[in-house]
*Asks:* 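Once you've had a glance at the structure underneath, I'll fire off some questions.
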Number of protein chains: 2
Amino acid sequence: MNNISKEDYLSVIFKFQNRNGEIRPKAIAQKLQVTQAAVTDMLKKLAIDNYILYEKYKCIRLTPSGEEFAINMVRRHRIWEVFLQKVVGMPWDKVHEEAHKLEHSSSDDLINRLEVLLRYPEFDPHGDPIPSKEGKIPKIKKYLPLSDLKEGESGTVVRVNDFDEQFLNYLTELGISLYEIILVKEKRNFDNSLMIQIKGKQWNISQKLAENIFIEIKKVKGA
Amino acid sequence: MNNISKEDYLSVIFKFQNRNGEIRPKAIAQKLQVTQAAVTDMLKKLAIDNYILYEKYKCIRLTPSGEEFAINMVRRHRIWEVFLQKVVGMPWDKVHEEAHKLEHSSSDDLINRLEVLLRYPEFDPHGDPIPSKEGKIPKIKKYLPLSDLKEGESGTVVRVNDFDEQFLNYLTELGISLYEIILVKEKRNFDNSLMIQIKGKQWNISQKLAENIFIEIKKVKGA
DNA sequence: TTTATAATTTAAGCAGACTTAAATAAAAAA
DNA sequence: TTTTTTATTTAAGTCTGCTTAAATTATAAA
Ligand SMILES: [Mn+2]
Ligand SMILES: [Mn+2]
Ligand SMILES: [Mn+2]
Ligand SMILES: [Mn+2]
């Protein structure tokens, strides 16, 4: 297989399946910015190629070969992201888009060489795990969206969603990056907005924002 | 413009135009491994986009905008090649193919960052000059194909053709790399094959091979 | 100059990844 | 359960970059 579109469809299916357990055509369409009709079309082709199991109106599932393929794409993407941040010095809000192009245009040999150069990184700049050459995915500690924390709870940022450049840029302004500690000072019930403390400074953030930041909780004083 | 094929056509036109002064559809077709009909087709599109001047049966010429575009593609390609060799440690016979994919999938920002990382290299691993961001192409000293040297002449390898992996691999076996010195010990008239000396060792090479190695001559003893 | 060969272009058509509009099935609301 | 809304699929068609086969022009040979 030789095809950027198919690679993207499979990556998206894999990621959804992994996080939400299932995936529907509408979600794929939204993520890839195509019409739902285009998705139906491609699903049929992926089924013929034996990358997915697909019965119309029923759910979509990767076959072992589809999963292997998708994991490799995710691996490529995330290794490029680490490379772009660590070696090239690109900021974390730019690496996703760039990696999304590069992931389709490199040999496995190059990816493996980059992995060595980077000393086998386990996580990408946004905290997502990097599958090994053999397809093993590093285990992550349990985490919650920041929006689920209660007043007085605190924890470490272990992952952020990586798909919105503006969002990541804003996080940087707030001083939020991986492995920083965040404390929830206040939580307002009427809109679920939060007052958080990070590096001694306090900020008000919306629920929407908090839903895209993931925290490994440490219960602390007075919880 | 957003298109791998068009990028390749423009690169090829530029390179031919630069080396041979002119370019014909047949040569493009051979280089890109497509039919001549496909070339005619694309030439029309490139003319509409104002990248080339094209009248049928007459010669093909890049417009200023086409030239600018092509130079940028060549720049991308060659910066990737240097990167792959110097940073990733990929052998020189592998970098061309890999760079050929990457060149279509990176932002100008990434290319510029790589250039800085590599400290503004002027030549790629095969001795081809790397255009600057502004489109300036480093001047190369005059060189000749090794096949043009006469018995007793010697010189430095300053460029090799980069498009055949096997060829480059074989050069490596012979110990031929950039900046090595080659001496022509014998030249046989009937087939123009050469006996050359490099690093103290002697080898017989065909005319074909010698035509793809480029030498900056130093006239030495008894010339 | 005429004839043969080679290069180039035109014509018709295909495959992939899309689109819009219409039809159908599933899910949610009444 | 019936109705309404939403999700999904089908149908028909577009656009791009190719293909093969046939026609045309240019070049080389006689
Ligand atoms: Mn990413
Ligand atoms: Mn990421
Ligand atoms: Mn090259
Ligand atoms: Mn090169």
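Keep in mind it's a predicted model, so treat the numbers as computed, not measured.
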*Asks:* Considering only C/dC18, D/dT9, C/dT9, which nucleotide approaches the side chain of A/Gln36 most closely?
*Replies:*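 Side chain of A/Gln36 sits closest to D/dT9.
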
*Asks:* Taking side chain to side chain contact (heavy atoms under 4.5 Å, CB included) as the criterion, tell me which of B/Asp8, B/Asn72, B/Val74, B/Ile79 meets it with B/Glu103.
*Replies:*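 Passing option: B/Asp8.
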
*Asks:* Does the cation-pi check pass for A/Lys31 over A/Phe163, that is, NZ or CZ under 6.0 Å from the six-membered ring centre and within 45° of its axis?
*Replies:*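 Yes, A/Lys31 lies over the aromatic ring of A/Phe163.
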
*Asks:* To the nearest Å, give me how far apart NZ (B/Lys45) and P (D/dC15) are.
*Replies:* 12 Å

*Asks:* Could you please name the option among C/dT10, D/dT25, C/dT20 that lies closest to any side-chain atom of B/Tyr57?
*Replies:* D/dT25

*Asks:* Starting at CD1 of A/Ile60 and ending at C1' of D/dT8, how long is that distance when rounded to a whole Å?
*Replies:* 10 Å

*Asks:* Which nucleotide in the list C/dG16, C/dT19, D/dT8 gets nearest to the side chain of A/Ala38?
*Replies:*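 The answer is C/dT19.
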
*Asks:* Is the distance from OP1 or OP2 of D/dC18 to the nearest side-chain N or O of B/Ser5 less than 4.0 Å?
*Replies:*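 It does, given that an N or O in the side chain of B/Ser5 lies less than 4.0 Å from OP1 or OP2 of D/dC18.
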
*Asks:* In terms of relative ring orientation, are A/His77 and A/His96 parallel, tilted or perpendicular, with 30° and 60° separating the classes?
*Replies:* perpendicular

*Asks:* Quick check: on DNA chain C, is the nucleotide nearest B/Val39 upstream (toward 5') of the one nearest A/Lys56, or the reverse? Name the residue that is more 5'.
*Replies:* B/Val39

*Asks:* Take atom CD1 of B/Ile28 and atom C1' of D/dG17, then tell me their distance rounded to the nearest Å.
*Replies:* 15 Å

*Asks:* Please check if the number of heavy atoms outside A/Glu97 that lie under 6.0 Å from its CD is greater than 12.
*Replies:*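 Atom CD in A/Glu97 is not crowded, with 12 or fewer foreign heavy atoms closer than 6.0 Å.
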
*Asks:* Nearest to the side chain of B/Ala37, heavy atoms from C-beta on, is which of C/dC18, C/dT20, D/dA21?
*Replies:* D/dA21

*Asks:* Nearest whole angstrom, please: distance from the P of C/dC18 to the CD1 of A/Ile4.
*Replies:* 10 Å

*Asks:* Could you tell me how far apart B/Glu55 (CD) and C/dT10 (C1') are, to the nearest whole angstrom?
*Replies:* 18 Å

*Asks:* Would you say that more than 12 heavy atoms from the other residues, nucleotides or ligands in this model lie under 6.0 Å from the NZ of A/Lys15, or not?
*Replies:* yes

*Asks:* Examine A/Phe83 together with B/Phe83 and report whether their ring centres are nearer than 6.0 Å.
*Replies:*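 That pair passes the under 6.0 Å test.
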
*Asks:* Return the minimal non-hydrogen interatomic distance between B/Val184 and B/Leu149, and the atom names on each side.
*Replies:*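 Closest approach of B/Val184 to B/Leu149, heavy atoms only: CG2-CB, 3.8 Å.
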
*Asks:* Is A/Arg61 atom CZ crowded by more than 12 heavy atoms from other residues, nucleotides or ligands, each under 6.0 Å away?
*Replies:* no

*Asks:* Would you jot down, in residue-number order, the residues of residues 16-26 of chain B having a non-hydrogen atom under 4.0 Å from DNA chain C?
*Replies:* B/Arg24, B/Pro25, B/Lys26

*Asks:* How would you label the contact of A/Thr35 with the nucleic acid (heavy atoms, under 4.0 Å): base, sugar-phosphate, or nothing?
*Replies:*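 Here A/Thr35 touches the bases of the nucleic acid.
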
*Asks:* B/Asn3 side chain N/O closer than 4.0 Å to the phosphate oxygens (OP1, OP2) of D/dG17?
*Replies:*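 Checking D/dG17 against B/Asn3, a side-chain N or O does come within under 4.0 Å of OP1 or OP2.
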
*Asks:* Between A/Met42 and A/Lys58, which is nearer to the 5' end of DNA chain C once each is assigned its nearest nucleotide?
*Replies:*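 Upstream on the strand: A/Met42.
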
*Asks:* Measure CD/A/Gln30 against C1'/D/dA7 and give the value in whole Å, please.
*Replies:*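 Answer to the nearest Å: 11 Å.
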
*Asks:* I need the CG-C1' distance between B/Asp41 and C/dG13, as an integer number of Å.
*Replies:* 12 Å

*Asks:* How many Å lie between CG on B/Asp8 and C1' on D/dT16, as a whole number?
*Replies:*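 After rounding, the gap between these two atoms is 15 Å.
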
*Asks:* Could you tell me whether A/Lys44 contacts a base, only the sugar-phosphate backbone, or nothing, with contacts defined as non-hydrogen atoms closer than 4.0 Å?
*Replies:*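 Sugar-phosphate contact only - A/Lys44 comes under 4.0 Å of backbone atoms but never of a base.
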
